[in-house]
Amino acid sequence: MMTIDEQVEYLMQGADFGDASIAETMALELRERLVESAKTGRPLRVYCGYDPTSTDLHLGHTVTMRKLRQFQELGHQVLFVIGSFTAMIGDPSDKDKLRKQLTHEEVMKNGRTYAEQAFRILDPDKTEVVYNHDWLAKLTFSDLIDLASNFTVQQFLARENFHKRFDKSEPIYLHEFFYAIMQGYDAYHLEADVQIGGSDQLFNIITAARKLMAFLGKRPNIGIVLGILPGTDGEVRMSKSLGNHIPLNTNAEDMYGKVMSIPDKAMPVYARLATQWTPEVLHSFENGLASNTLHPRDAKMKLAFGITSVFYGDAAAGAAQDQFVNTFQKGNVPDDMPEYQLKEGDNLIDILVSEKMATSRGEVRRLLEQQGIKLDGETVSDASVELKPGAVLQVGKRRFLRLI
RNA sequence: GGACGGUUACCCAAGUGGACAACGGGGGCUGACUGUAAAUCAGCUGGCUGGCGCCUUCGGAGGUUCGAAUCCUUCACCGUCCA
């Protein structure tokens, strides 16, 4: 059992408020409430909302889920909120553009997928899945006026993303302001003790929610604002539309490999936000990197293993690791690869295109020029090479095809 | 309702009659090197073709012109300002 202070450290791991005094206040309040909970035996209610804007979850979505899981490990209750109402407005937080609004059907469908995938991480016994249209849809216009009267336009315009759009004379729709109010109302309605979110949620959680809860006569919730997980490019936030995401619906080999492809400099963030490591493990990892006693390659392998095992278990993660070492470190041919049944008159170009090893015949020609195609380990320079059953075709470093 | 601006390849973005398959950046791909699919460096990045070359693409449709991403008409969508 962790001490209260250890719990606070564990739960605040990966938090990023962008402001030391907020961080301190939140840690202090969290500590108080943990003490209280230990005394009374009442588990804390931990809220995190998800706007179901797509069906494919990726590693970036799981950062907050992992935090929720940590609370569960310490015995607390998770409120997994599907933003069935808020998603229809579209959260302006992480965009500097207006987001498209979804229909109720789309939202409900996506929401179910979210919850399903979330249970790969969360403990179902300590999780309540709720939909926020259940309460938000019932608010009246005068309720909204009351709630809105707590905020000034200036407060909203002080937010960087609104501020930028204002300066550039880009439109800021009135309803975009409601988003923060709705999220705050969620926290009030759910009587949340703690609210988790990404750093783009700082305003919604720390300002809007706390203010509204106080106004409505509730104790303001504690915000834990987590850093943003960058994508495989190591620069910008992970996002499917940017193509730098690591999807959850894949396989262990792919996930392991994708983590290996992140830049070295992104390793600490990934360790903090994407693993289930305890503070001690995390510290030794970070110290190892900083002091050069941990080899960057080994560090990344550790990281890839740690992340993959969360979703696929240790066994599959281990197998993925073996395969990676075999293929990329030793340069061997992997055991498992797609196969192709040779036919009379087949030629290299046709096969590569039809098997999707290349997108066009022109690309195959380019690959040939760039010495990117190998047959049984020998670089191929001529498209008319003889192909025999049993041979292995290789495109680049990672695409293989066995001819049978 | 009025005035003005925009829509270019996967993304951002330049190009305002010919040298444009279209500058540049990002991403992606390939190679070299390495410590890994990191970093760095180099090349490639619409399709077809062995190659000369041909075909399709700059929001849609029409037109002017020997020739259009570029000019005109019209439609659609996005935006700003005035009311």
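Within the 3.5 Å criterion, the main-chain N or O of A/Trp277 finds a donor-acceptor partner in the side chain of A/Gln13.
Nucleotide B/A37 forms no Watson-Crick or G-U wobble pair with any nucleotide shown, as no partner meets the under 3.5 Å limit on both distances. The pairing partner recorded for B/A69 is none, the criterion being a Watson-Crick or G-U wobble arrangement whose two distances lie under 3.5 angstrom. Pairing of B/A42, defined by two Watson-Crick or G-U wobble distances under 3.5 Å, is identified with B/U30. Judged by Watson-Crick or G-U wobble contacts below 3.5 Å, the nucleotide B/G24 has B/C12 as its partner. Across all strands shown, B/C54 forms a Watson-Crick or G-U wobble pair, both distances under 3.5 Å, with B/G47. B/U7 is paired with B/A76 under the Watson-Crick or G-U wobble criterion, all donor-acceptor distances under 3.5 Å.
Side chains of A/Asp186 and A/Asn132: a donor on one and an acceptor on the other come within 3.5 Å.
A gap of 44 Å separates the P atoms of B/A21 and B/C82, to the nearest Å. Between the C1' atoms of B/C23 and B/C58, the separation comes to 14 Å (whole Å). Rounded to a whole angstrom, the distance from the P atom of B/A68 to that of B/G18 is 11 Å. Straight-line distance between the C1' atoms of B/U70 and B/A19: roughly 15 Å, to the nearest whole Å. Atom P of B/C52 sits at a distance of 15 Å from the matching atom of B/C48, rounded to the whole Å. Separating the C1' atom of B/A32 from that of B/A39 is a span of 14 Å, rounded to the nearest Å. Across B/G43 and B/U36, the matching P atoms stand 25 Å from one another, rounded to whole Å. Nucleotides B/U57 and B/A69 are separated by 9 Å at their P atoms, to the nearest Å.
The closest side-chain heavy-atom distance from A/Leu139 to A/Leu147 is below 4.5 Å. Side-chain contact between A/Gln323 and A/Tyr256 is absent, with no heavy atoms from C-beta onward closer than 4.5 Å. Here the side chains of A/Leu212 and A/Tyr188 are not in contact, with every heavy-atom distance at 4.5 Å or above.
Using a cut-off of 4.0 Å between Lys/Arg side-chain N and Asp/Glu carboxylate O, A/Arg45 and A/Asp193 are scored as not salt-bridged.
You'll find the ring centres of A/Phe156 and A/Phe203 inside the 6.0 Å limit.
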Its contact letters, B for base, S for sugar-phosphate only and - for none at protein heavy atoms under 4.0 Å, make nucleotides 33-40 of chain B read --BBBB--

Given protein heavy atoms under 4.0 Å, the one-letter contact record of nucleotides 43-52 of chain B, with B base, S sugar-phosphate only and - none, is simply BSS-SSBS--

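Aromatic ring orientation, A/His76 versus A/Phe71: perpendicular (interplanar angle above 60°, classes split at 30° and 60°).
For A/Glu6, the CD atom sits in a packed shell: over 12 heavy atoms of surrounding residues, nucleotides or ligands are nearer than 6.0 Å.
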